[in-house]
There are 2 protein chains.
Amino acid sequence: MKKKSIKDIAQDLGLSKTTVSFVLNNKGDEKNISKKTQKKILDYVREVDYQPNQIAKSLKKGKTNTIGYLVPDISNPFFAKIGRLLEDHFWEKGYHLLIGSTDENKDKETQVLNMFVNRQVDALIVASCFIQSDAIKSLLSQDFPLVFFDREDPEIEANYILVENKISMKNAVESAIDSKSQKLGLISLTPDVYSLKNRIEGYKMALENNKIDFDKELIRIVDNNNLKKGTEKELKFLIESGVDTVVFTNNQIAVIAIWLMNTYYKDKVNAIKFVSFDNVDLFDYSMPKVISVAQPIEKIAMHTTDIIEEILRSKKSENKRIELTPKLIERK
Amino acid sequence: MKKKSIKDIAQDLGLSKTTVSFVLNNKGDEKNISKKTQKKILDYVREVDYQPNQIAKSLKKGKTNTIGYLVPDISNPFFAKIGRLLEDHFWEKGYHLLIGSTDENKDKETQVLNMFVNRQVDALIVASCFIQSDAIKSLLSQDFPLVFFDREDPEIEANYILVENKISMKNAVESAIDSKSQKLGLISLTPDVYSLKNRIEGYKMALENNKIDFDKELIRIVDNNNLKKGTEKELKFLIESGVDTVVFTNNQIAVIAIWLMNTYYKDKVNAIKFVSFDNVDLFDYSMPKVISVAQPIEKIAMHTTDIIEEILRSKKSENKRIELTPKLIERK
DNA sequence: TTGAAAGCGCTAACAA
DNA sequence: TTGTTAGCGCTTTCAA
């Protein structure tokens, strides 16, 4: 049995498409369709299990009820959890999530972005690696509903949901510093996004506040394309340099480093402290001890949905920049 | 500047929609469009940054190049990682992933499923809680491209990507049993899916093989809607019953239990062994020690994509049932 | 070598 | 109270 369209229904029932369409969209009363006709349609529709074609509806209405969620990696717990919260929230409102992972790759980001737009997503939620791209600028100039989170480019006016990167990192690092912890190294992904830059600034600030000399050599950068190998190399360097504390600017490299420590430097596991931005469950149980900065995931999701809904409702937006305060988690 | 459609392009250039469409779809040569015209179109399209409307294309072609990915919870690392692999793979082929989390809720599953179908997804990848639902039966009877993974219903003929639940669980439990580990409890989600049933069977089989009496009381079921509270209650019961080993049928409850142990039963952490289906990074570092069964995530994703592609290509499918072998991870 | 026109399934203004 | 019709943006057959 082939799938019925609204036309089939109308024909089968000897009615017009209009009438059927009105009833199916709960406009029966408003449009003065007789109760009898309404019932006839509704019953028949149930009987043949009619399923409206949303694509046709979308084309007609210019609205797809989908939202693009573009992140570096959907399997990163931080993005997965936020994704889940967004999904739940938007599901309530009749929206679906189209997901795309970019691996921090500019080309892929642009491609996915374009595909999302071609697919007529109604809004975009983006943790972008490259806010200054033409694709994004063009969207922004058309007032396309768009919220950035986790990433910022101060030169670009837009909606941003962020956390206080600098201060939080400063606090976290300071809480690690004590008489036995005076030589602190840092490992980061390439800091071509401002959040990472600011986290590194926070690290520097903490050193300064505690009169610890800043040693440029102890800031190690890992290339995005080669996370495991890169982290291994830089961790080795720092350990051989005799650091007592390693600071990480995001969870990914911290998790890799924990694995490395337990695999190759088991003997040093008690002698070294870790500090990491982003919190993951693992930190509760792992060695070395990790002081971490937990991002307020629920709040990030909440503000994001708030802004998007407002734009979708009112069709306009004054750009908002919301900065949330993460939570410091110390582990003794 | 309003978005240009193919009609606008045609008008601006004094050509017909047909010609423009042919060229844009790389059929210029095939359709004998002159090089000059082709170049004119291509140049103009680039100039005005024309983006084709995929919705219109989809409606016309009856193909959306989207695939629905329906799982209990996209933020569960198991489903998130598989999701990522699927996304990468299908992206190469020009497909996108629409995601839906069901929380093991039958109603939500049906609703999301229907929405996916209404949105004309080209295929579905489902870790379903309720394979016997009318919605699924109806899809199956229409030969809708559909692959189940992680879940099975032997009464329903379909494509399944599974792992050997029973044997693997048996092996894992047996590897836990020794002179000091003789009283083994089990905590599971409601086993209304076969994979969980089989894992419980595996547990029983291990006991039997080792001549340990099976005590029905030591199998504890946690309701899906109340995971944390439920796990807390059942773990307490088992500990008070004096078990020396706790077996979990999936990672979710095991992770919760690890947290509970470290929070409320710190003193017992060294005296108890955990066995869990599904592996997560956390297990490498947590106490109690966890013996876990790691699902072959890459292989699951690979076989899933293989089957879907074959169906999409050939329009037909003899149902396949692929059972993969997970890896036992012992931690001493 | 190019164009006219029908139609994918739906909505909604207008007519009856 | 219900129906006719145009059209959303695209593809593709058939004609020129």
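So you know, we letter chains A, B, ... as the sequences are listed, proteins then strands, and number each from 1. Any value given below was found using the heavy atoms of this structure, including those in side chains, with hydrogens, waters and symmetry copies removed.
- Residue A:Lys36 has no polar side-chain atom (N or O) positioned under 4.0 Å from OP1 or OP2 of D:dT1.
- Within 4.0 Å of A:Leu15, counting heavy atoms only, lie sugar-phosphate atoms of the nucleic acid but no base atom.
- Regarding contacts with the backbone of D:dC10, every side-chain N or O of B:Lys7 stays at 4.0 angstrom or more from both OP1 and OP2.
- Contact check, B:Ser21 against D:dT11: a side-chain N or O comes under 4.0 Å of OP1 or OP2.
- If you check every strand for non-hydrogen atoms under 4.0 Å, A:Lys60 touches a base.
- With respect to A:Asp49 and A:Lys4, no salt bridge is recorded, no charged nitrogen being found less than 4.0 Å from a carboxylate O.
- Here B:Asp122 does not pair with B:Lys61 in a salt bridge; the nearest charged N to carboxylate O distance is not below 4.0 Å.
- Residue B:Lys31 places no side-chain N or O under 4.0 Å from the OP1 or OP2 atom of C:dT2.
- Using a 4.0 Å cut-off, no side-chain N or O of B:Thr18 falls inside it from OP1 or OP2 of C:dT2.
- Here B:Ser34 lies in heavy-atom contact (under 4.0 Å) with sugar-phosphate atoms only.
- Atom NZ of B:Lys63 is surrounded by more than 12 heavy atoms from other residues, nucleotides or ligands within 6.0 Å.
- Distances shown here put a side-chain N or O of A:Thr37 below 4.0 Å from the OP1 or OP2 atom of D:dT2.
- Taking 4.0 angstrom as the limit, B:Tyr50 places none of its side-chain polar atoms (N or O) nearer than this to OP1 or OP2 of D:dG9.
- Taking side-chain N and O atoms only, A:Thr19 has no distance below 4.0 Å to OP1 or OP2 of D:dT2.
- A centroid separation of less than 6.0 Å is found between the aromatic rings of A:His96 and B:Phe116.
- Contacts of A:Gly14 with the nucleic acid, taken as non-hydrogen atoms under 4.0 Å apart, involve only primed sugar atoms and P, OP1 or OP2.
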